Amino acid sequence: MPPKRKAAAPAAATATKAGRTSALSTPGPATPRSLDSSMMSEADEELDEDVTEAQKEREELLGKEADEFVNNWAISSKRFQNQGEGQKRDAATPYFGKRDFSGLPLKADHHNRPIWIDPDKGTIVLERFNVLAEQATDFLITIAEPKSRPAFLHEYALTTHSLYAAVSVGLRPKDIINTLDRFLKTALPSSINNFIQQCTNSYGKVKLVLKNNKYFVESVDADMLQRLLKDEVIGPLRVQGSDAITTTYAPTMGGLVIPGTKNAAGVRQAALQKPGDKPTTDTAKDPDLFAALNEEDDDDDKEAVHAFEIGDTAVETVQKRCLDIGYPILEEYDFRNDDVNPNLEIDLQPNTQIRPYQEKSLSKMFGNGRAKSGIIVLPCGAGKTLVGITAACTIKKGVIVLCTSSMSVVQWRQEFLKWSNINPDDVAVFTAESKNKFSGSTGIIVTTYSMVTNNRERSHDSKKMMDFLKGREWGLMLLDEVHVVPADVFRRVISSIKSHSKLGLTATLLREDDKISHLNFLIGPKLYEANWMELSQQGHIAKVQCAEVWCQMPTEFYDEYLRANARMKRTLYAMNPRKFQACQYLINYHEARGDKIIVFSDELYSLKKYAETLGKVYIYGGTSQSERMHILANFQHNPEVNTLFLSKIGDTSLDLPEATCLIQISSHFGSRRQEAQRLGRILRAKRRNDEGFNAFFYSLVSKDTQEMYYSSKRQAFLVDQGYAFKVITQLANIENTPNLAFASPQERRELLQMTLVDNEKGTMEDVETDDLFGKVGGGRGRKKKGLAARRTAGTLGELSGGQDMAYIEQNKGANKQLKKNQKAERDTFFKKIAREKERNRG
DNA sequence: TATATCGCAA
DNA sequence: TATGTTGCGATATA
């Protein structure tokens, strides 16, 4: 393959693109209101007990089929069908065998091109240091799945799903192939070419569109529709009497303006500006190859589309069948031409401007002027909510928001009020406590997954509410924390509520099981995934230093550890006195530095022990609502309270104040999601834009225990995002920390004894403590009534209560002292870290 | 109003 | 290389 135009090409593309984005007009015409609600689905009446059974079965089936589908389409099954390209052999060939790709001819100017591809697996490697790296990155996130993105070499995988996503945002096969070839250092292997052709031929050709309250199967390819009509399952489902295939012209993006973008801001002044004028926006600087390619689509302006109608009840069958025969259906909502569903009065607050990456992700969703269903992945603190709200403001139809907890329900409502001009009466909350409806003909409902999926007997009110939710059509379904949806029960949401489009939001599209791929057909493709490192370099989220601190287990602890059962093992490695000391040291250090510190421990016994011994506040599941509020408020405003201990309650269900340092002493097995979520807790830091400001993330790990294995597993995701974990085996000057706990062998033995005794009878209930400082404890823990509670509570109360008071004072003194030699100590600390870093590199 | 119970997720 | 127990929300109960 001859070398083609190189560096100049993307630049040119950028220019065209910029010209295009300035083609402005206001969003579609005001839609007349129609209150015709006779369109309710027949589904309502039959939705009772036995239906849920059937639903379950159907979902299982769908799940299985999705898996099979994925397997059938794996790239490896189609590899080398006609591998013609010169398989040269040389001396090294025997060592690589089939994996010798030296035969792929390098292009003459290969050093100007940034990517390599594995013809076998579709793995793409990108050189970040290449001049074209930026453009290539933009292209790659559109067509491939980011696998690993550390500093210099990024790894992507070309998969069926990623190509599906690329097609769904409007790329054509020839765009993909040409651009890929342009960036490749070698000739494009024919296996990859075939793979792309095959995937893209079947993907994205068929669309499911809801128009005037009727479902249409739509395609630009008339033959394709004929094939579907001849299909034994789909054919009969076509609505009788509409035998003709209708042909219309597809709208293009022209005219649609996403609120909050610079374009939107300029709409009024630029109303007279002609399309094609010189760009006036900064977006021109942003080389977005995808948009550039999409640009070409607009040349053949009006594309004919063909469609036939299917009944409401047939939708799921058709979707499933299409998946079976290899033409997965895309969901699109032509909201601008929907004059059946009433419009919602909503717009972003004037002067609201969304960030470039938010704009980018939304432009993928609304790329062709319709709303495409799919998933947007942004790190915590990067403004997912605003993306959702902006989408709602673009569609301007009824919205249903699903959250994981009632706390985030309240937050979503607040955010809606904060960012948009929505009438507060139109944002209704549906939870156990409040079951409001909006007053007008349409509005926004914020609710939880569990509220909608609840299988059990319902209270009268919520039954009525559910009927209401099921009985209407929603313009947009916003799925917060969408990674929870594949959980079998939550999946039911999708089928029970009818919405024209679905937008999933998450920070970590990750699960430890394999159900994550189900999202591809439950909701839609991944439309956009932000790179954490990039956002932190641009100052949208904080820069974080990650460190793993290895703590030696004292021999007597290790002996017990080896002997203990799994449960006790976990307690023991959390209670490791060296770990305790490291924790104490880090807290001292960071408090002196002015940080707000959160310490996570999933292990409740150690959580309480650590917090009580150090005289810090803690929150866990058993902390009552009012105490939680009290503690959080103190942590946020009281300069005396700088450290907060949390159980895994802090992962999802607390609205945590800003923190700048995070220490993990115990965590849940190898959950990458948890690790990422916790890191996310410090990404919001307002000080992030201060010169040289860093947030800190420490994992304390007991050496030579299972924790080491879990820890490495947990870090995988963050490492792929480009975070470097430093390993620290020795904290500088730790032995000189004043009032270091468990410094003597005697104390360590006592700690061990106490740990063993307290946990021997197994249960945490036994050591449930009374309110220590009147701040913690109580609440609705799962403690068994009466019984042993009093016995041990006494011991522990005395023990920790007495010691803690002493500790509080000592620590205050210690902090003052620390401040004196603060600088000296900080220096040694960082020298230590630097030395460790060197060692790890070598 | 506070608390116990249940189903479910990780 | 797998685990088991913690927490949530909704509802029923006194």
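The structure presented is a predicted model; accordingly, all values stated were derived computationally and were not measured. Lettering follows sequence order; numbering is per chain, from 1.
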| request: Starting from the C-alpha separation in whole Å, work towards a yes-or-no answer on side-chain contact (heavy atoms from CB on, under 4.5 Å) for S606(A) and K579(A). | output: CA-CA 11 Å; S606(A) 53; K579(A) 187 187 268 194; over 6 Å; no

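Here Y710(A) lies in heavy-atom contact (under 4.0 Å) with a base.
If S653(A) and A566(A) are placed on DNA chain C by their nearest nucleotide, the residue sitting closer to the 5' end is A566(A).
The side chain of K435(A) lies closest to dT11(C), out of dT11(C), dA10(B), dG7(C). Distances from the side chain of V489(A) to the nucleotides dC8(B), dC8(C), dA10(B) place dC8(B) closest. Among the nucleotides dG7(C), dT5(C), dG9(C), the one closest to any side-chain atom of R567(A) is dT5(C). Nearest nucleotide to the T431(A) side chain, out of dA10(C), dT11(C), dC8(C): dA10(C). Side-chain atoms of S405(A) lie closest to dG9(C) of the nucleotides dG9(C), dT5(C), dG7(C). Taking every side-chain heavy atom of I649(A) into account, dC8(C) is the closest of dA10(B), dA10(C), dC8(C). Closest to the side chain of S450(A), from the set dA10(B), dA10(C), dG7(C), is dA10(C). With dC8(C), dA10(B), dT11(C) as the choices, the nucleotide that has an atom nearest any side-chain atom of S671(A) turns out to be dA10(B). Listed nucleotides: dT11(C), dA9(B), dG7(C). Nearest to the side chain of S459(A): dT11(C).
The side chain to side chain donor-acceptor pair (under 3.5 Å) search around T755(A) returns none, not counting sequence neighbours. The side chain to side chain contact (heavy atoms under 4.5 Å, CB included) search around V429(A) returns V409(A), R413(A), T431(A), S434(A), not counting sequence neighbours.
Put simply, CD on E433(A) is 6 Å from P on dA10(C), counting in whole angstrom units. Y620(A) places its OH atom 15 Å from the C1' atom of dC8(C), with the value rounded to the nearest Å. Atom-to-atom, CD of E481(A) to P of dA10(B) comes out at 11 Å; the value is rounded to the nearest Å. The CE atom of M568(A) sits 15 Å away from the P atom of dG4(C) (whole-angstrom rounding). Residue D513(A) contributes atom CG, which lies 18 Å from atom P of dT1(C) at whole-angstrom precision. Here dC8(C) presents its P atom at 14 Å from CD of Q674(A), a figure rounded to the nearest Å. Residue N759(A) contributes atom CG, which lies 13 Å from atom C1' of dT5(C) at whole-angstrom precision. The interatomic distance linking E512(A) (CD) with dG4(C) (C1') rounds to 16 Å, in whole Å.
Under 3.5 Å, the side chains of D704(A) and Y558(A) contain no donor-acceptor pair of N or O atoms.
With respect to the salt-bridge test (charged N to carboxylate O, under 4.0 angstrom), the residues D602(A) and R678(A) qualify. Taking 4.0 Å as the cut-off between side-chain N and carboxylate O, K384(A) and D480(A) do not count as a salt-bridged pair.
Put simply, R673(A) has no side-chain N or O that comes within less than 4.0 Å of OP1 or OP2 on dA9(B). Listed pair T448(A) / dC8(C) fails the phosphate criterion, with no side-chain N or O lying under 4.0 Å from OP1 or OP2. Checking the phosphate oxygens (OP1, OP2) of dG7(C), a side-chain nitrogen or oxygen of S647(A) falls inside 4.0 Å. For the pair S462(A) and dA10(C), the criterion of a side-chain N or O lying under 4.0 Å from OP1 or OP2 is not met.
Taking 3.5 Å as the limit, the base of dG7(C) and the side chain of H668(A) contain no donor-acceptor pair of atoms between them.
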